[in-house]
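In what follows, a structure is listed as structure tokens, so that the remarks can point back to it.
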Amino acid sequence: MKRFENRTAVITGGGSGIGRATAIRLAEEGAKVVIVDMNAESGEAAAAEVSGISVQADVTDADDVARVFKTAFDTYGSIDVSFHNAGISPPDDDSILTTGIEAWERVQRVNLTSVYLCCKEVLPYMQRQGKGSIVNTASFVATMGAATSQISYTASKGGVLAMSRELGVQFAREGIRVNALSPGPVNTPLLRELFASDPERAARRLVHIPFGRFAEASEIAAAVAFLASDDASFITASNFLVDGGISGSYVTPL
């Protein structure tokens with residue numbers, strides 16, 4: 001399929017994990033890809049892999065975010081897809097009883113404020129075009145509660161979900177679709193690092209997945225490609241769960 005020929009996609013957090021897998025998937029379908037990452041080396045490597053461009057940027061900084069979208073538009077002449085995927089899940093974000101205000105605010109800035117800034121900047125480009133698709137990475141934890149808490153992460157993803165729903169409604173009649181993607185646990189460096197330090201927590205989470213495994217980044221990328229494409233032309237303001245059945249399960253198979 002070549003669903004993204006003559007279309008430009010901006011991907012934040014594109015240097016690794018879900019972002020990189022999505023860059024590969026969209027490029028395979030014809031997209032011109034702009035990789036955005038704090039890490040210049042990984043961003044440039046991912047961009048080279050998909051014959052795109054890399055922009056090193058801090059997505060929590062309004063000026064950096066404005067520069068990202070100006071660069072994308074000046075280079076390719078349109079911004080058709082914007083996948084806001086940058087995020088963190090640090091070990092000091094834990095129970096509300098132990099998570100300090102600095103950790104809370106750091107996670108909120110990266111996971112929620114960055115999505116606000118990216119949407120704010122990209123929407124005027126899409127308004128001028130009269131079309132566009134925004135996909136914001138939320139999480140299944142925006143829908144479900146966990147006793148193994150990461151309180152700021154959970155709250156930030158709930159914010160992404162609510163904001164995506166509102167923007168999807170607000171801009172629908174301008175031809176702009178906004179959806180929240182809610183993955184379950186994904187086999188990425190971020191998750192592996194988190195769970196390596198706490199195998200018991202990993203085991204407690206894995207047991208709730210009906211498939212009995214974590215998702216692969218390429219499986220999440222396939223969902224992004226669907227949501228961003230014209231195949232999803234009547235989908236907006238949605239919570240698109242790609243969680244291996246976690247949110248639908250009461251007990252898992254033996």
Side-chain angles (χ1 to χ4, degrees), residues 1-86 114-137 164 167-168 171-172 174-179 181 217-218 220-233 235-236:
M1 293 184 292
K2 293 291 183 182
R3 294 179 292 185
F4 298 99
E5 278 191 321
N6 303 314
R7 298 188 185 187
T8 302
V10 175
I11 300 174
T12 71
S16 64
I18 294 170
R20 178 178 169 275
T22 301
I24 292 169
R25 176 61 184 258
L26 297 188
E28 287 174 346
E29 294 200 34
K32 296 166 285 189
V33 177
V34 180
I35 299 286
V36 184
D37 208 284
M38 277 279 284
N39 186 312
E41 185 177 346
S42 61
E44 288 167 7
E49 193 172 6
V50 298
S51 301
I53 65 169
S54 174
V55 183
Q56 182 183 21
D58 177 356
V59 289
T60 70
D61 181 272
D63 291 338
D64 264 16
V65 171
R67 176 172 56 83
V68 162
F69 290 103
K70 184 177 188 304
T71 300
F73 184 82
D74 289 350
T75 302
Y76 292 122
S78 70
I79 304 174
D80 305 284
V81 175
S82 204
F83 178 37
H84 306 144
N85 174 67
S114 72
V115 176
Y116 156 80
L117 291 172
C118 287
C119 289
K120 187 178 180 68
E121 284 297 328
V122 76
L123 278 163
Y125 290 98
M126 292 181 171
Q127 285 178 305
R128 289 196 292 271
Q129 296 166 180
K131 62 178 181 177
S133 177
I134 295 171
V135 180
N136 297 322
T137 300
S164 301
L167 296 179
F171 293 98
E174 296 186 57
I176 301 167
R177 298 185 298 106
V178 186
N179 290 291
L181 176 74
S218 61
I220 307 303
V224 179
F226 167 69
L227 280 178
S229 77
D230 291 343
D231 287 342
S233 57
I235 300 176
T236 197

- prompt: Step by step, would you call Leu227 with Phe83 a side-chain contact (heavy atoms from CB on, under 4.5 Å)?
  reply: CA-CA 10 Å; Leu227 280 178; Phe83 178 37; over 6 Å; no
Distance (rounded to the nearest 0.5 Å) between [X] [atom1] and [Y] [atom2]:
X	Y	atom1	atom2	answer
Leu123	Ile134	CG	CD1	4.0 Å
Lys32	Ser51	NZ	OG	13.0 Å
Asp63	Lys70	CG	NZ	13.5 Å

Without swapping roles, check the side chain of [X] against the backbone of [Y] for a donor-acceptor pair under 3.5 Å.
X	Y	result
Asp64	Val59	no
Lys2	Glu28	yes
Thr12	Ala86	yes
Gln129	Ile79	yes

field: Option passing side-chain contact (heavy atoms from CB on, under 4.5 Å) with Tyr76 (candidates Asn6, Val10, Ile53)
entry: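 Considering Asn6, Val10, Ile53, a side-chain contact (heavy atoms from CB on, under 4.5 Å) with Tyr76 is found only for Ile53.
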query: Please walk me through it: do Met126 and Ser82 pass side-chain contact (heavy atoms from CB on, under 4.5 Å)?
result: CA-CA 10 Å; Met126 292 181 171; Ser82 204; 4.1 Å; yes
query: Do you know which of Arg177, Arg7, Lys131 makes side-chain hydrogen bond (donor to acceptor under 3.5 Å, both in side chains) with Asp230?
result: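 When side-chain hydrogen bond (donor to acceptor under 3.5 Å, both in side chains) is applied between Asp230 and each of Arg177, Arg7, Lys131, only Arg7 qualifies.
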- prompt: Does Lys120 reach the side chain of Val65, with side-chain heavy atoms less than 4.5 Å apart?
  reply: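 Sidechains of Val65 and Lys120: no contact.
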Considering non-hydrogen atoms only, spot the tightest contact between [X] and [Y] and give its length.
X	Y	value
Asn136	Ser164	ND2-OG, 2.9 Å
Ala72	Val34	CB-CG2, 3.8 Å
Ala46	Arg20	CB-CG, 4.4 Å

message: Could you go through Ile235 and Phe226, starting from their C-alpha distance and side-chain angles, then the distance that decides it, and tell me whether this counts as side-chain contact (heavy atoms from CB on, under 4.5 Å)?
response: CA-CA 10 Å; Ile235 300 176; Phe226 167 69; 3.7 Å; yes
field: Glu41 CD: over 12 foreign heavy atoms closer than 6.0 Å
entry: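 Counting other residues, nucleotides and ligands, CD of Glu41 stays at 12 neighbours or fewer.
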- request: Only counting residues at least two apart or in another chain, list the ones meeting ring pair (Phe, Tyr, Trp, His ring centres under 6.0 Å) with Tyr125.
  value: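 Expected list: Phe73.
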- prompt: What's the verdict on side-chain contact (heavy atoms from CB on, under 4.5 Å) for Ile220 and Thr137, showing C-alpha distance, side-chain angles and the deciding distance?
  reply: CA-CA 10 Å; Ile220 307 303; Thr137 300; over 6 Å; no
